[in-house]
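Just so we're on the same page: letters track the sequence lines, and every chain starts at 1.
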There are 2 protein chains.
Amino acid sequence: MASQAADRPEPVATSRRSKLTPEREQEFFDAVLQQIRSCGYDAVTMEGIAASTRCSKSTLYRQWKTKPQFVAAALRSSSRVRFAGIDTGSLAEDLRRAAAAAGEGTGKDTGLLQALGHAVMEDPELKCALREALVEPEIAALREILARGVARGEVPAGHPALEYVPAQLFGMLRMRPVLEGKQADAEYLVTFVEAVVLPALGLP
Amino acid sequence: MASQAADRPEPVATSRRSKLTPEREQEFFDAVLQQIRSCGYDAVTMEGIAASTRCSKSTLYRQWKTKPQFVAAALRSSSRVRFAGIDTGSLAEDLRRAAAAAGEGTGKDTGLLQALGHAVMEDPELKCALREALVEPEIAALREILARGVARGEVPAGHPALEYVPAQLFGMLRMRPVLEGKQADAEYLVTFVEAVVLPALGLP
DNA sequence: GTGTACCGATACGGTCGAGTACCGGTACAC
DNA sequence: GTGTACCGGTACTCGACCGTATCGGTACAC
């Protein structure tokens, strides 16, 4: 599982305010995000997290002041931009890749977005963390892809369908489970891109 | 406030197991749905509903066994298909009307869908009520509109973009608040339909 | 070896909400 | 007038969970 890097002998640098290794912290984060995905934000309890990670509530409250702050930290730590690095030189192909990439992680980010839905309205820090960790990086990467396509002249600048592309991709990801009860997997999303997004942009 | 219809003299038919008038019941339903929209499912309390409608908790629990059952009843009662009755004879125009209609009610059904997000995962009755009341009727009406367009020959049967139309519309409705922080109003949705949905279907 | 600082466990206080029980008041049937 | 059945109000039980406090154990520094 863990590589040799896990038990490094060196004292890292000077000292650590916490004896928790970053790997251990990540266990907490994974656990809380997993539980949020499966049970919703309100149903997740600090006691539950402590139990499932075999740490104590004290440890959680020592590191993070409150439950929302803990969750916010977990969100920030799991930031992983899925659309980064897609650049095939063709907008159509880039969009297919992006759709496939979005489909791969289905049930992770999507589930979080769903589960945190309204909890986010009450705690501004949570809201901010969610946007920074999950929403904005992906949107920015996607707009980057589109901008390159425009720069290459594949689509005229200001094409009316352009601004809707990110919302559409996320929308499909989000709505299919609701409407059809199935996850929006890579195949489904790629087909969607080819059937709708590319034609709307005037691409082959 | 209340019209004369409220204190009807007739005994309605035979007898009523409850002395609550249907109007009174609807007040409860409106109150609980409103509170769910603004605070989320978990934050809504039976005490709060009782207070805001000036009835007593006893009354609520006499009529409905539990909180989820109460909410489910409220959902069922508020079923109002927004896309029903749209039939202009032109698919493009029907879709514009549907988009506008969807935009009108923004913050009602959409908010509920958002707020109930994960609460629905735990109570099957709630889940069922939500689907029956909000999801399926709208989808069915929308598919009806599309089917008429196909029957008129405006779009070839089996056009790949057809099956995505409902999800697209709902997806936009749902994602714009997340991505842009603004409600998806009628204007936005109509523009979306014209920029993406119609071109993808090969309509003018 | 000694001190320090953190971890895990557990127990506790405080709050809040679901659901129940009981009571007085009242509208309606006969 | 009397009975019945329901409403509104309040007080209550019970459980859950947040966040705090306390204590013993242990890894590491020096």
Whole Å only: how far is the CD atom of A:Glu47 from the P atom of C:dG8?
16 Å
Between atom CZ in B:Arg24 and atom C1' in D:dC6, what is the gap in whole Å?
13 Å
Phosphate oxygens OP1/OP2 of C:dG8: is one of them under 4.0 Å from a side-chain N or O of A:Thr59?
yes
Phosphate oxygens OP1/OP2 of D:dC7: is one of them under 4.0 Å from a side-chain N or O of B:Gln63?
yes
Of the candidate nucleotides [options], which contains the atom at the shortest distance from the side chain of [X]?
X	options	value
A:Thr66	D:dC7, C:dG8, D:dG19	D:dG19
B:Ser58	D:dC18, D:dG8, C:dA18	D:dG8
A:Ser56	C:dG8, C:dA18, D:dG8	C:dG8
A:Lys57	C:dA18, D:dC7, D:dT20	D:dT20

Would the number of heavy atoms belonging to other residues, nucleotides or ligands and lying under 6.0 Å from [atom1] of [X] be above 12?
X	atom1	value
A:Arg24	CZ	yes
A:Arg152	CZ	yes
B:Arg97	CZ	no

Check every strand shown and say whether A:Lys67 touches a base, only sugar-phosphate, or nothing at a heavy-atom separation below 4.0 Å.
sugar-phosphate
Just call it for A:Lys65: base, sugar-phosphate, or nothing, with non-hydrogen atoms closer than 4.0 Å on any strand.
nothing
Determine whether any donor atom in the side chain of A:Arg62 lies under 3.5 Å from an acceptor atom in the base of D:dG19, or the reverse, and answer yes or no.
no
Taking the basic N atoms (NZ, or NE/NH1/NH2) and the acidic carboxylate oxygens, is any pair closer than 4.0 Å for B:Glu27 and B:Arg54?
no
Need the pair for C:dC30. Rule: Watson-Crick or G-U wobble, both distances under 3.5 Å, any strand; none if unpaired.
D:dG1
